[in-house]
**Student:** 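So that we are looking at the same thing, I have put the structure below in structure tokens.
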Amino acid sequence: MLATVAQFAATTDKAANLDAAAGLVATAAARGSDLVVLPENSMYANPDPQAETASQAEAIDGPFATAIGALAKEHGVAIVAGMTEAATGAGKPSNTVLAVDRGGEQFGVYRKVHLYDAFGYRESDRIQPQPAKALTFTLDGLTVGVMTCYDLRFPEMARFLVDAGAEAIVVPAAWVTGPVKEDHWTTLLRARAIENTVYVLGCGQTGPVSCGQSAIIDPMGQIAASAGEAPGVASAVLDAARVAEVRVKNPSLANRRFSVSFT
């Protein structure tokens, strides 16, 4: 399976964001990609951390989700993309990732568990955290799990997905720039890959707010592809046989003594 991380900087212009995403999906499809991962908040992103976002939220069958499904069907690729999902009743919206198959049908959605209340930022002022529910889907014989951005800092989140069968983990993100933050991003992507013997695909928004540096990490922790700072794509082949090979060499999952539970 050829997977592509497709990074760009989303803004408050939903139409422009969708155009950017469509262009990147077309580029990825032209190189033969089977899976395209777009960033967290691909639908809408306000650089003002105090800005109200609930009015911009959409349902998971709304215009953005419908457009992503249409893109997937048009190009024959599976797509993972972040959006802000409207609350079904009273309350704050969710930071949601939707995954769609090659026919444009939804594999499912993941709603962010760990909100970014760190480094002087408070995502929980505008977004509602959700209970942990593992989203996995199988594509070309490989089981893929989904998490979002700040989830990456919690090793139990990745292990939770691996316990659900994940052999690859996708991480749509908007990894905010800051002192050593880029190093944290790359280090954590590699760490989650090494300790779980999985592929990790991190796709981040680009500058000026976020750092880009989208990457695909192989199960031994090696960087298989990296997109740098500018908008664009990076691709690598994912193979379930490689996961199996690494798990024989490094049987850390088989040797584990602790389990993960959600509280």
Side-chain angles (χ1 to χ4, degrees), residues 1-7 21-22 24-40 42 60-61 64-83 96-111 133-148 151-152 157-173 189 192-193 196-204 214-220 222-225 227 233-247 253:
M1 176 173 71
L2 185 66
T4 294
V5 287
Q7 64 181 25
L24 290 169
V25 170
T27 297
R31 58 173 61 182
S33 298
D34 302 291
L35 171 65
V36 182
V37 184
L38 294 165
E40 177 184 27
S42 287
I60 57 171
D61 59 356
F64 178 79
T66 300
I68 292 296
L71 277 174
K73 186 174 183 179
E74 176 186 355
H75 295 286
V77 298
I79 300 177
V80 175
M83 61 174 287
T96 296
V97 176
L98 59 92
V100 299
D101 66 17
R102 291 183 175 101
E105 299 298 319
Q106 289 187 11
F107 285 119
V109 299
Y110 165 69
R111 297 175 177 96
K133 293 183 180 180
L135 171 60
T136 64
F137 60 90
T138 300
L139 187 66
D140 295 342
L142 195 77
T143 301
V144 181
V146 181
M147 66 165 112
T148 309
D151 286 330
L152 185 64
M157 184 69 201
R159 186 58 55 87
F160 179 64
L161 291 171
V162 170
D163 284 349
E167 298 161 299
I169 296 174
V170 296
V171 192
L189 289 174
R192 298 296 87 86
N196 293 292
T197 52
V198 293
Y199 290 100
V200 175
L201 293 74
C203 185
S214 299
I216 299 174
I217 315 297
D218 104 323
M220 274 293 204
Q222 299 301 301
I223 299 174
V233 302
S235 304
V237 172
L238 312 187
D239 188 349
R242 171 64 172 162
V243 176
E245 174 191 22
V246 170
R247 288 180 175 177
L253 292 177

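Numbers here are sequence positions counted from 1.
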**Student:** Could you check whether any side-chain N or O of Q106 sits under 3.5 Å from a backbone N or O of A65, counting only pairs where one atom can act as donor and the other as acceptor?
**Tutor:** no
**Student:** Look up atom CG in L238 and atom CG in L139, then write down how far apart they are to the nearest 0.5 Å.
**Tutor:** 9.0 Å
**Student:** Please tabulate, for the side chains in residues 69-78, all donor-acceptor contacts under 3.5 angstrom to protein atoms that are two or more places apart in sequence or on a different chain.
**Tutor:**
none

**Student:** For D239, is there any backbone N or O sitting under 3.5 Å from a side-chain donor or acceptor partner on Y199?
**Tutor:** yes
**Student:** Which pair of non-hydrogen atoms, one from A236 and one from I216, has the smallest distance, and what is that distance?
**Tutor:** N-CD1, 3.7 Å
**Student:** Would you say V171 and D151 make side-chain contact, with heavy atoms under 4.5 Å?
**Tutor:** no
**Student:** Can you tell if the side chain of I169 reaches within under 4.5 Å of the side chain of V162, non-hydrogen atoms only?
**Tutor:** yes
**Student:** For the residue pair P39 and A6, what are the closest heavy atoms and their distance?
**Tutor:** CD-O, 3.3 Å
**Student:** Please enumerate all residues that pass side-chain contact (heavy atoms from CB on, under 4.5 Å) together with S235, with sequence neighbours excluded.
**Tutor:** L2, T4, R31, S33
**Student:** With heavy-atom distances below 4.5 Å as the criterion, would you say the side chains of V146 and F137 are in contact?
**Tutor:** yes
**Student:** For a quick test of reading the model, state the closest non-hydrogen atom pair linking M147 to Y110 and the distance between them.
**Tutor:** CA-CE2, 3.7 Å
**Student:** Between R192 (side chain) and L152 (backbone), is there a donor-acceptor pair under 3.5 Å?
**Tutor:** yes
**Student:** Search all heavy atoms of G145 against all heavy atoms of A166 and return the closest pair with its distance.
**Tutor:** N-CB, 3.8 Å
**Student:** Looking only at non-hydrogen atoms, find the nearest pair between A215 and L189 and report the distance.
**Tutor:** CB-CD1, 4.3 Å
**Student:** Among residues at least two apart in sequence or on other chains, which ones pass side-chain hydrogen bond (donor to acceptor under 3.5 Å, both in side chains) with S214?
**Tutor:** Q7
**Student:** D61: which residues meet the side-chain contact (heavy atoms from CB on, under 4.5 Å) condition with it, sequence neighbours left out?
**Tutor:** A59
**Student:** Tell me, please, which residues at least two apart from E40 pass salt bridge (charged side-chain N to carboxylate O under 4.0 Å, His left out).
**Tutor:** K112
**Student:** Would you say L38 and I68 make side-chain contact, with heavy atoms under 4.5 Å?
**Tutor:** yes
**Student:** Can you tell me if R247 uses its side chain to pair, donor with acceptor, with the backbone of T197 under 3.5 Å?
**Tutor:** yes
**Student:** If you round to the nearest 0.5 Å, how far is CG of L201 from CG of L35?
**Tutor:** 6.5 Å
**Student:** Please tell me if the side chains of C203 and V170 come closer than 4.5 Å, counting only heavy atoms from C-beta onward.
**Tutor:** no
**Student:** Under 4.5 Å between any side-chain heavy atoms of T138 and T136, yes or no?
**Tutor:** no
**Student:** Can you see which heavy atom on P219 is nearest to which on V243, and at what distance?
**Tutor:** CG-CG2, 4.0 Å
**Student:** Does A134 have any side-chain contact (heavy atoms from CB on, under 4.5 Å) partners at least two apart in sequence or in another chain, and if so, which?
**Tutor:** F160, L161, A164
**Student:** Do I60 and L98 come within less than 4.5 Å of each other through their side chains, counting heavy atoms only?
**Tutor:** no
**Student:** Measure the OG1-CD distance between T143 and E167 for me, rounded to the nearest 0.5 Å.
**Tutor:** 4.5 Å
